[in-house]
Amino acid sequence: MKKLFLMLFSIALLVSCSEDDDANGDGDPILGTWYVVELENEFSDDELSQCNLNSNITFQANTTANSEVYEEVEGECLSETSTADWERNSNGQYTFNLPFFGRQTGNVEFSGDSRFIFSVPSLPGVSLTFEK
């Protein structure tokens, strides 16, 4: 009985490890699902609502990104999904569809493996912070 339990436990352990667990080991640090957690806009007092905080982008190794943007419309939290290409430019900037601002090229500043700030030179004073 112990051998059977040990065998089942070993199989469960092997099955629980997925192929994307180490996706960032050799890949781009932006790969994965990132949620919008903060909006900085020097020109507006706009803040992210609880609904907006569900907005996310999933960057995939095949250079596509799936976005889910949540906005409050007449008291309801509605989402809109889209898929677009993303790219890492030679100067270290990234280009992708940014929630609330559309396709933008900007600077990505990583803080560890689970946080980055995206700022756009064409929108000075505006940045979005994402977390995994």
Side-chain angles (χ1 to χ4, degrees):
M1 186 69 161
K2 287 182 183 179
K3 288 181 182 179
L4 179 62
F5 177 77
L6 182 59
M7 185 176 78
L8 290 173
F9 178 77
S10 298
I11 291 171
L13 182 62
L14 290 173
V15 171
S16 70
C17 296
S18 68
E19 67 183 52
D20 67 347
D21 285 349
D22 295 323
N24 291 342
D26 296 327
D28 197 296
I30 206 163
L31 297 178
T33 300
W34 297 86
Y35 288 84
V36 176
V37 294
E38 187 178 330
L39 166 66
E40 184 176 312
N41 186 346
E42 293 179 6
F43 307 102
S44 173
D45 291 335
D46 290 343
E47 292 185 17
L48 296 174
S49 68
Q50 281 302 118
C51 178
N52 297 141
L53 293 174
N54 293 308
S55 298
N56 65 80
I57 303 173
T58 301
F59 294 94
Q60 299 175 18
N62 67 0
T63 68
T64 60
N66 300 318
S67 300
E68 258 185 312
V69 178
Y70 286 81
E71 292 192 81
E72 205 164 314
V73 178
E74 297 178 4
E76 275 190 75
C77 186
L78 303 176
S79 70
E80 185 177 314
T81 60
S82 64
T83 300
D85 292 332
W86 68 272
E87 64 183 292
R88 182 177 185 174
N89 304 316
S90 61
N91 57 3
Q93 292 184 325
Y94 287 81
T95 301
F96 57 90
N97 284 356
L98 190 62
F100 318 114
F101 296 101
R103 190 157 183 86
Q104 300 288 332
T105 298
N107 303 312
V108 172
E109 181 183 327
F110 289 98
S111 299
D113 294 335
S114 61
R115 185 178 178 95
F116 75 83
I117 298 172
F118 186 77
S119 56
V120 182
S122 64
L123 299 170
V126 177
S127 66
L128 280 171
T129 302
F130 293 85
E131 288 184 351
K132 277 189 174 180

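This is a predicted model, so every value here is computed, not measured.
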- [ ] Measure the spacing between CG of Leu123 and CG of Leu128 and express it to the nearest 0.5 Å.
- [x] 10.0 Å
Open item on the list: Can you tell me how far apart CD1 (Ile30) and CZ (Phe130) are? Round to the nearest 0.5 Å.
Closed with: 8.0 Å
TODO: Search all heavy atoms of Ile57 against all heavy atoms of Ser67 and return the closest pair with its distance.
DONE: CG1-OG, 3.8 Å
Task: Minimal non-hydrogen separation, Lys132 against Gly32, with atom names - done: CE-CA, 4.3 Å
TODO: Please answer: with hydrophobic residues joined when any side-chain heavy atoms are less than 4.5 Å apart, are Val69 and Leu53 in the same cluster?
DONE: yes
TODO: Test Asp85 against Glu87 for side-chain contact (heavy atoms from CB on, under 4.5 Å), laying out the working first.
DONE: CA-CA 7 Å; Asp85 292 332; Glu87 64 183 292; over 6 Å; no
- [ ] Not counting sequence neighbours, list each pair that qualifies as a side-chain hydrogen bond (donor to acceptor under 3.5 Å, both in side chains) and has a residue in residues 35-45.
- [x] Ser44-Asp46
Open item on the list: Please say yes or no: joined through hydrophobic side-chain contacts below 4.5 Å, possibly via intermediate residues, are Val120 and Leu39 part of one cluster?
Closed with: yes
TODO: Give every residue pair that meets the ring pair (Phe, Tyr, Trp, His ring centres under 6.0 Å) criterion with at least one member in residues 69-94, sequence neighbours excluded.
DONE: Phe59-Trp86
Task: Heavy-atom closest contact (Ser119 atom, Pro121 atom, distance) - done: O-CD, 3.8 Å
Open item on the list: I'd like to check the side-chain hydrogen bond (donor to acceptor under 3.5 Å, both in side chains) partners of Thr83; sequence neighbours left out, ordered by chain and number.
Closed with: Asn66
Task: Rounded distance [0.5 Å steps], CD in Glu71 versus OG in Ser55 - done: 7.0 Å
Open item on the list: How close do Asp113 and Trp34 get, counting heavy atoms only, and between which atoms?
Closed with: O-CH2, 3.6 Å
Task: Ala84 versus Asn97, closest heavy-atom pair with distance - done: CB-ND2, 3.2 Å
Open item on the list: Rounded to the nearest 0.5 Å, what separates atom OG1 in Thr33 from atom CG in Asn56?
Closed with: 6.0 Å
- [ ] Answer yes or no: are there more than 12 heavy-atom neighbours, outside Glu72 itself, under 6.0 Å from its atom CD?
- [x] yes
TODO: Using atom types as modelled and distance alone, determine if a side-chain donor or acceptor of Asn89 lies under 3.5 Å from a backbone N or O of Asn91.
DONE: no
Open item on the list: Side chains of Glu68 and Asn54, heavy atoms from C-beta outward: is any pair under 4.5 Å?
Closed with: no
- [ ] Quick one: do Val108 and Arg88 satisfy side-chain contact (heavy atoms from CB on, under 4.5 Å)? Show the steps, please.
- [x] CA-CA 10 Å; Val108 172; Arg88 182 177 185 174; over 6 Å; no
Task: Value rounded to 0.5 Å, distance of CZ in Phe96 from OG1 in Thr105 - done: 9.5 Å
- [ ] For residues Ser122 and Gln104, report the shortest heavy-atom separation together with the two atoms involved.
- [x] OG-OE1, 3.5 Å
